[in-house]
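So that the names make sense, note that chain A is the first sequence line, chain B the second, and so on, each numbered from 1.
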Protein chains: 2
Amino acid sequence: MAENSSNSSRRPTIYDLAQIAGSSPSAVSAILNGTWKKRRISAATAERVTRIATEQGYAVNLQASLLRRERSHIIGMIVPKYDNRYFGAIAERFETMARARGLFPVITCTQRDPDLEFEAAREMISYQAEALVVTGATDPDRIADFCAAAGVRVINLDLPGRRAPSVVSDNFGGARDLTRLILSRLSQDFGAPSPLWFIGGRPQDHNTLERLRGFHAAHDEAGLTVPPTQVIMPGYSPDKAATALIGRDFPARFGIFVNSTITMEGVVRWLSETLDMDRVRLGCFDWDPFAALLPQNVGMVEQDVSSMLQQVFDAIAEGRDQPTRINVPCILRPLPARVGQP
Amino acid sequence: MAENSSNSSRRPTIYDLAQIAGSSPSAVSAILNGTWKKRRISAATAERVTRIATEQGYAVNLQASLLRRERSHIIGMIVPKYDNRYFGAIAERFETMARARGLFPVITCTQRDPDLEFEAAREMISYQAEALVVTGATDPDRIADFCAAAGVRVINLDLPGRRAPSVVSDNFGGARDLTRLILSRLSQDFGAPSPLWFIGGRPQDHNTLERLRGFHAAHDEAGLTVPPTQVIMPGYSPDKAATALIGRDFPARFGIFVNSTITMEGVVRWLSETLDMDRVRLGCFDWDPFAALLPQNVGMVEQDVSSMLQQVFDAIAEGRDQPTRINVPCILRPLPARVGQP
DNA sequence: CATGGATGCTCAATCGATGCAGCAAGATTG
DNA sequence: CAATCTTGCTGCATCGATTGAGCATCCATG
């Protein structure tokens with residue numbers, strides 16, 4: 001269809017098109033960026049230039065265009081990983097919502113590496129991003145400081161920071177509700193309720209601590225005390241979780257609070273390799289449609305990605321930059337019993 | 001840390017830094033882009049300017065920089081979705097490999113929408129991307145034509161096109177191996193082997209057809225013929241799969257070939273709502289760690305994302321632009337029996 | 001037929017970084 | 001001590017698109 005006629009190697013510019021069309025670069029520019037009516041270019045010229053642009057396979061050079069324009073309309077996001085439904089949904093929803101607002105979304109994935117997070121943020125700023133959404137960052141304040149100096153708006157998502165507005169899930173409430181659910185299913189299926197195990201995350205991690213607080217709150221309500229040895233925080237990775245569980249003693253019947261779907265992979269691998277799966281009931285923070293089908297799984301906490309991103313875009317639109325904290329309630333998804341009660 | 005001293009609103013440029021440092025913009029530019037030794041700037045000046053840049057929260061304007069430089073080092077990718085492990089792994093691996101090669105990866109997600117795919121490709125070209133990886137696109141040839149006209153290299157990934165090199169999984173081989181596995185497990189668990197159902201994908205979709213070919217080849221080997229009514233291709237979405245399955249008649253014991261993990265969600269929902277799960281054995285094209293734990297699942301086909309992307313980067317590095325086709329073998333992952341044999 | 005307005009353009013400065021050409025001051029050499 | 005080399009810079013054109021200012025025509029009006 002589009003056929004670059006003569007000069008095969010280089011991309012055509014408005015100067016090339018102007019020469020072919022026998023008009024000026026200004027006219028071509030106005031025609032191709034849609035301001036031609038305002039600039040009183042005739043419809044005939046506009047059509048001719050547009051046709052030539054298509055024939056030549058012209059695409060505007062955004063580097064040149066953005067250099068001149070005052071706004072870039074670029075909005076950046078960094079996410080740690082794409083290996084679970086939560087961050088996948090965040091990325092997809094962010095792109096859709098950004099486009100709906102006439103913004104150009106740029107996302108990059110930083111592998112939970114603090115240096116890569118910072119470098120990626122710096123790159124976004126170098127691309128003249130108008131705002132940056134920092135998702136699940138290890139060190140959001142370092143990025144916020146840099147963005148403040150550069151005059152770029154930042155919003156923290158998922159993990160809060162002290163130097164910019166943060167939109168996070170109500171980790172406390174979600175974890176408390178999930179813990180209640182696991183405890184009630186435990187007593188329903190196994191009789192006497194006993195304190196759960198908590199597995200996954202890091203002691204330095206804000207979300208892990210909030211969830212642990214909800215976990216303890218639900219135990220307190222039930223008059224239970226969790227022995228410190230039952231709280232295991234070796235990071236999020238499946239391997240670390242599985243390794244941390246191996247060789248421990250567990251009672252005949254027990255329950256587990258799993259801190260993320262990624263951790264859940266390790267937990268389930270360990271369970272299936274070493275234990276009679278019927279001895280255990282578990283619940284998991286975060287949603288995954290297949291994990292929801294595991295027979296021992298009594299419930300999952302789905303984070304409300306749409307509402308969270310709505311808050312993010314509201315904060316950006318309003319130009320908020322005080323370090324406020326917005327807590328978005330989670331959605332508890334109880335799962336039907338799939339294992340026979342003994 | 002970084003503190004923008006006086007003019008709070010706008011980002012500092014090399015001209016601002018030059019004024020503060022009492023030197024010229026050229027010197028500042030050379031110092032900050034690392035060419036200062038070659039340009040015989042003294043270490044003292046370099047250090048002073050670098051300090052001032054940090055203090056002012058300077059970040060290079062890549063729009064201006066890239067406009068001037070001859071190479072952008074940007075490499076673009078479009079992916080359909082982030083809602084499964086396969087595309088998630090592609091995105092993560094692509095970013096890592098691109099960075100390792102000194103390239104700046106930009107990925108955007110196009111929701112399986114052909115117009116959005118094209119618009120996204122055009123945007124990447126406008127950003128002066130040096131190459132574009134088109135993953136799972138509905139209409140890769142339209143994009144390839146546009147890129148050819150603009151003189152930008154394109155590689156198709158996952159779904160092949162006719163106008164550019166394509167790197168795809170060996171869908172035929174993978175599907176044949178998986179079908180063999182399901183059939184053998186079926187006869188092992190249920191006795192007599194009978195033709196499987198095939199669910200998911202679209203009849204226009206290259207990968208679906210290749211997998212269907214492998215599916216039939218394995219049946220042929222076993223002396224079985226699949227009735228056409230057992231091949232159901234309503235798209236990939238869980239809802240469409242579940243809807244297509246409702247109300248059909250199935251024998252007492254049977255097997256299903258599921259065309260993707262996304263489709264698998266619908267299949268499993270339908271199974272759990274309407275059928276005794278013990279009646280069925282299934283296998284799925286694509287890998288998901290939780291889906292692997294479903295007791296009826298006898299095996300999954302993992303696509304070799306690392307090898308595929310290695311081929312993609314090789315093709316880009318070699319400057320290949322003939323429409324060659326590279327088939328990357330898949331990895332069959334048989335799963336242990338988890339349901340009691342009757 | 002001079003005047004004023006509308007129409008349909010073109011000119012040229014500009015955005016910020018880059019890099020070649022060149023220049024001044026000091027050091028070295030014949 | 002003039003000639004040459006080295007060191008350490010600065011000046012300026014340039015990349016491609018944008019945009020305010022301006023300049024010919026043409027037509028209508030008094």
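Per the geometry, CH2 belonging to Trp36(B) stands 11 Å off P belonging to dC9(D), to the nearest Å. Rounded to an integer number of Å, the gap from Arg71(B) CZ to dA17(C) C1' is 18 Å. For the pair Leu66(B) CG and dG19(C) P, the computed distance is 12 Å after rounding to whole Å. Atom NZ in Lys38(A) sits about 17 Å away from atom P in dT7(C), given to the nearest Å. dA24(D) atom P lies 17 Å from atom CD1 of Ile41(A), rounded to whole Å. The separation between Leu62(A) atom CG and dC15(D) atom P is 19 Å, rounded to whole Å. Going from atom CD of Glu70(B) over to atom C1' of dT14(D) covers 14 Å, rounded to whole Å. The interatomic distance linking Lys37(B) (NZ) with dC9(D) (P) rounds to 15 Å, in whole Å.
In this structure, Ser24(B) reaches the dT10(D) phosphate: one of its side-chain N or O atoms is under 4.0 Å from OP1 or OP2. Put simply, Ser26(A) has no side-chain N or O that comes within less than 4.0 Å of OP1 or OP2 on dT18(D). Within the structure, a side-chain polar atom (N or O) of Thr45(B) is placed less than 4.0 Å from OP1 or OP2 of dC9(D). Checking the phosphate oxygens (OP1, OP2) of dC15(D), no side-chain nitrogen or oxygen of Asn61(A) falls inside 4.0 Å. Residue Thr35(A) places no side-chain N or O under 4.0 Å from the OP1 or OP2 atom of dT18(D).
Using a 4.0 Å heavy-atom cutoff across all strands shown, Ser29(B) reaches at least one base atom of the nucleic acid. Residue Ser23(A) is in sugar-phosphate contact alone, with no base atom involved, counting any heavy-atom pair closer than 4.0 Å across all strands shown. Across all strands, Arg39(A) comes closer than 4.0 Å to base atoms (heavy-atom distances).
Residue Ala27(A) places its side chain closer to dT10(C) than to any other of dG8(C), dT10(C), dA17(C). Residue Arg40(B) places its side chain closer to dT7(D) than to any other of dT18(D), dT10(C), dT7(D). For Tyr58(B), whose side chain is taken as the heavy atoms from C-beta onward, the closest listed nucleotide among dA17(C), dT10(C), dA17(D) is dA17(C). Proximity note for Thr13(B) (side chain, C-beta onward) versus dA17(D), dG16(C), dC12(D): the nearest is dG16(C).
Ring geometry, Tyr82(B) versus Tyr82(A): the interplanar angle falls under 30°, so the pair is classed parallel (tilted spans 30 to 60°).
For Asp139(B) against Glu117(B), the heavy-atom pair with the smallest separation is N-OE1, 3.5 Å.
With sequence neighbours excluded, the residues forming a side-chain hydrogen bond (donor to acceptor under 3.5 Å, both in side chains) with Glu318(A) are Arg320(A), listed by chain and number.
Where Gly22(B) and Leu67(B) each meet DNA chain D at their nearest nucleotide, the meeting point lying more 5' is that of Gly22(B). A residue-by-residue look at Ala46(A) and Tyr15(A) shows that Ala46(A) has its nearest nucleotide of DNA chain C further toward the 5' end.
Looking at Arg93(A) and Ser306(A), their side chains do bring a donor and an acceptor atom within 3.5 Å of each other.
For Phe87(B) and Phe94(B), the distance between ring centers is not under 6.0 angstrom.
The base of dT18(D) does not come close enough to the side chain of Arg69(A) for any donor and acceptor atom to sit less than 3.5 Å apart.
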Inset, instruction - Apply the test side-chain contact (heavy atoms from CB on, under 4.5 Å) to residues Val106(B) and Tyr127(B): give CA-CA distance (whole Å), side-chain angles for both, the deciding distance (0.1 Å), then the verdict. - result: CA-CA 10 Å; Val106(B) 177; Tyr127(B) 274 104; over 6 Å; no
